[in-house]
Amino acid sequence: MIISLELESDTPLYEQLHNQIVIGIASGRLTPGERLPAVRQLADDLGINMMTVNKAYSLLKQQGYIVIDRRHGAQVNTHFDKAGALPPALEKQLTFIIAQAKIRGIDQEQFSAICQNIFSAMNKTP
Amino acid sequence: MLTVILLFSSLITYAIMLGTYLSQAKYKDGMIFAVTLPKEAAKHRDIERIRAVFKKQMTNISIVFAVLLIPLFFLSETFQALYFLIWMFVIVIGIVFPFRRAHRDTLALKRKNDWFVGARKVVQTDLRAMMRKNERAAPYWLYAIPLASAIGLTIYWMRDGMMLLGVTAIFTVLLLAFAGAAFRNARTKVYSSNSQLNVSLNQASRRIWSYTFFSLALVEVFHFYLIGCSILNENAVFNDLWIAIPMVFTIVPLVLILNANYKIKRIVNDAVASDGTIIYSDEDEYWGNGFTYHNPHDRRVFVEKRIGVGMTVNTGTTAGKWFIGVTIGIAAAIVIGVSFLTIYSELSPPVLTITEEQRVEIDYMMYSVDFPAEAMIDIALVNEIPQGWKTNGEATDTVARGHFRLNDLGKSRLFVYKNNPPYIRIQLEDEYIFYNEKDPGETERVYERLQQLLKR
C-alpha cells in the first residue's frame with residue numbers, strides 16, 4: 001500500500017501517516033496481521049524524522065489498530081472489536097462534520113449518498 | 001606506448017561523457033535536460049530551440065577537446081602524463097557547460113509556462129515493497145568468496161614483493177561490497193499505484209544490481225590475478241600478450257554495469273507500459289545543476305542518479321560533504337604529488353657513493369639502497385638490460401628507477417638512463433642492481449671504483 005505525505009500541508013505528518021494507515025486497514029489494502037516496517041526503516045524511506053513515525057505508530061497502537069512487540073516488530077492487529085457501535089469520541093467527530101455539512105446546505109439524503117460513495121470506494125479491491 | 005594508453009583512456013572518457021549528456025536531449029523518464037516536464041511540453045517549439053543550441057555547442061566542444069589532444073604526440077612521456085591529467089581535469093569541467101546551460105534555460109521555460117508535474121513536496125513509499133524489496137538480493141556472505149581470494153593472493157604474492165597489489169585487490173573488493181550495500185539500502189521506489197508491481201520491480205532491480213556488484217568483485221579479483229601474472233612473467237616471448245590481456249579485461253566491468261542498467265530499464269518499461277500509471281514527483285529544486293543533489297532535509301547520503309548510471313552524493317548531508325571533500329582532496333593530492341615527484345626526479349638523479357666504511361650507497365628519493373661491499377657477489381659492465389616490469393618506481397622513455405622484475409633475473413632495482421649503455425650490473429644475494437650515469441664515461445669510472453672496492 002502506498003503512503004503519500006504532503007510536506008506543506010496544514011495537517012501534521014504524523015496525523016497524515018496515522019490516517020492513511022487506518023484507511024488502509026479499512027479498505028483492505030493492509031490485511032490483518034500484516035507486518036509493518038520498523039520505525040527507523042519507514043522514517044528513512046520517507047525521509048522524515050523518526051519521532052514523527054514513532055508518534056503515528058504509538059497513536060495507532062494506543063487505539064488498537066496495530067500491535068508492536070520486540071520480536072516481530074509492528075503488525076496490523078488481527079482482531080478488531082467488531083461490536084458494531086461507534087465509540088463516543090468518533091461520534092463526537094462525526095457530529096462536528098455533520099454540523100459543518102448542514103451549515104453548507106447539505107441535507108440528510110445528500111450526506112448519506114456521500115457516505116455511500118466513500119464506503120463503496122473502501123470496499124473496492126486494492 | 002604511453003600515448004596509446006592515454007588515447008584509449010581519453011576515448012573512454014569521451015564515450016561516457018557524450019553518451020551521458022547527449023542522451024539528456026531526449027524526453028526520458030519524464031525529463032528533458034534533467035528537468036521534469038509533462039509529455040506535451042517536450043514537443044514545444046522553445047524546447048526544440050534549446051535542443052538545437054545544445055547539440056551545436058556539444059559538437060564544437062568535442063572538436064576543441066579532440067584538437068587539444070594533439071600535443072600528446074609531441075611531448076616526452078613524462079610531460080604526456082601531466083598534460084593528460086590537466087586535459088582530463090579541463091574536459092570534465094568544460095564538457096558540462098552546454099548541458100548546464102540547457103538545463104537552466106529549460107527550467108526557466110518550465111517556470112514561465114507553469115509546466116509542473118505531479119505533486120510537489122510530497123514524499124511517498126510503498127509499505128509492502130519496503131518490507132520485501134531485498135528478498136531476492138545477493139546475500140552479504142557471498143562477498144567472502146572474492147575477499148578470501150584476494151587475501152589468498154596477497155599472501156601468495158608476499159614472497160615476490162608484490163603485497164601491495166594484493167592489498168589493492170582486497171581494498172577493491174571491500175569498495176564493491178560497500179557499493180552493493182548502498183544499493184541494497186536505497187529508498188523504495190514507487191513505480192506505480194499497483195503495490196504488486198512495486199514489489200516485483202523493486203525486487204528485480206535490487207537482485208540485478210546486487211549480483212552485478214558481486215560479479216564485479218569476482219571479476220576484479222581475477223583481473224588483479226592477471227595483472228600479477230603479467231608482472232611475474234619472465235618469458236619475453238609472451239610480454240605483449242601479458243600487456244594486452246589485462247587491458248582488454250577492463251571492458252568486462254563496463255559491460256556488466258551497462259548490462260545491468262539496460263536490463264532493469266527494460267523490465268521497468270515493460271511492466272509500467274502494461275500497467276499504465278507511473279508516479280512522478282517533482283524534485284527539480286534539489287537537483288540544482290541537473291546532476292547534483294543538494295537536500296539538507298534528506299538524511300540519505302547516497303541517492304540514485306537522475307541522469308546516467310549509479311548513485312550520487314547528497315551534498316546537503318555532513319557525510320556527503322566529507323565524501324566530496326575527501327575525494328577531491330585525494331585526487332588533487334595525487335596530481336600535485338605526482339607532478340612534484342616528476343619534476344623533482346628530473347632535477348636530482350640517483351647518485352652512487354662509496355663511503356669510508358666500505359659501504360655502497362645509492363641515494364634516490366624513496367628508492368635509496370645501501371649495502372656493504374661484501375654483499376656484492378658479482379659486478380659487471382653490460383650493454384643491455386633484460387626486459388621486464390616495474391613493480392614500484394618510475395619508468396618513462398628516458399629513465400627507469402625503482403623496483404622491477406626482469407626476465408631471467410627476477411627482482412631488480414634500476415637506477416638507469418635508458419638506451420644509454422654501458423650499465424653497471426651488481427648481483428646481490430636476493431636481487432640485482434643496475435646503475436648508470438648520464439655520461440657513459442662517468443659510468444665506466446664508477447665501475448672502476450667498484451672493481452677496486454671488490455679487490456680489497
* Got B/V123 and A/L7 here, is their nearest side-chain heavy-atom distance under 4.5 Å? -> yes

* **Residues B/K189, A/D45: salt bridge by 4.0 Å N-O rule** => no

* Asked: Do other residues, nucleotides or ligands put more than 12 heavy atoms under 6.0 Å from the CD atom of A/E109?
  -> no

* Asked: In this structure, are over 12 heavy atoms from other groups packed under 6.0 Å from A/F80 atom CZ?
  -> yes

* To do: Compare every heavy atom of A/L46 with every heavy atom of B/Q124, then report the nearest pair and how far apart it is.
  => C-CD2, 3.7 Å

* Answer yes or no: does atom CZ of B/R100 have more than 12 heavy-atom neighbours from other residues, nucleotides or ligands under 6.0 Å? => no

* **Atom CZ of B/F178: over 12 foreign heavy atoms under 6.0 Å** => no

* Below 4.5 Å from any heavy atom of chain A, which atoms of B/N295 appear? Answer side chain, backbone, both or neither. => neither

* Structure fact -> By residue number, those in residues 199-218 of chain B with heavy atoms under 4.5 Å from heavy atoms of chain A are none

* B/F323, CZ: over 12 other non-hydrogen atoms inside 6.0 angstrom -> no

* Above 12 or not: heavy atoms from other molecules or residues under 6.0 Å from CD of B/E304? -> no

* To do: Starting from the C-alpha separation in whole Å, work towards a yes-or-no answer on side-chain contact (heavy atoms from CB on, under 4.5 Å) for B/M131 and A/R35.
  => CA-CA 8 Å; B/M131 300 292 284; A/R35 296 262 299 273; 3.6 Å; yes

* Who among A/S4, A/G47, A/A43 has the most heavy-atom pairs with chain B under 4.5 Å? -> A/S4

* Asked: Closest heavy-atom contact between A/L42 and B/M130?
  -> CD1-CE, 3.4 Å

* Atom NZ of B/K305: over 12 foreign heavy atoms under 6.0 Å -> yes

* What part of A/L13 lies closer than 4.5 angstrom to a heavy atom of chain B: side chain, backbone, both or neither? -> neither

* **A/I2 versus B/S192, closest heavy-atom pair with distance** => CD1-O, 3.2 Å

* Structure fact -> dist A/R29:CZ -> B/L127:CG (nearest 0.5 Å) comes out at 10.0 Å

* Asked: When rounded to the nearest 0.5 angstrom, what is the spacing between CE in A/M1 and CG in B/N198?
  -> 12.5 Å

* **Neighbour count >12 (heavy atoms, 6.0 Å) for atom CZ, A/F111** => yes

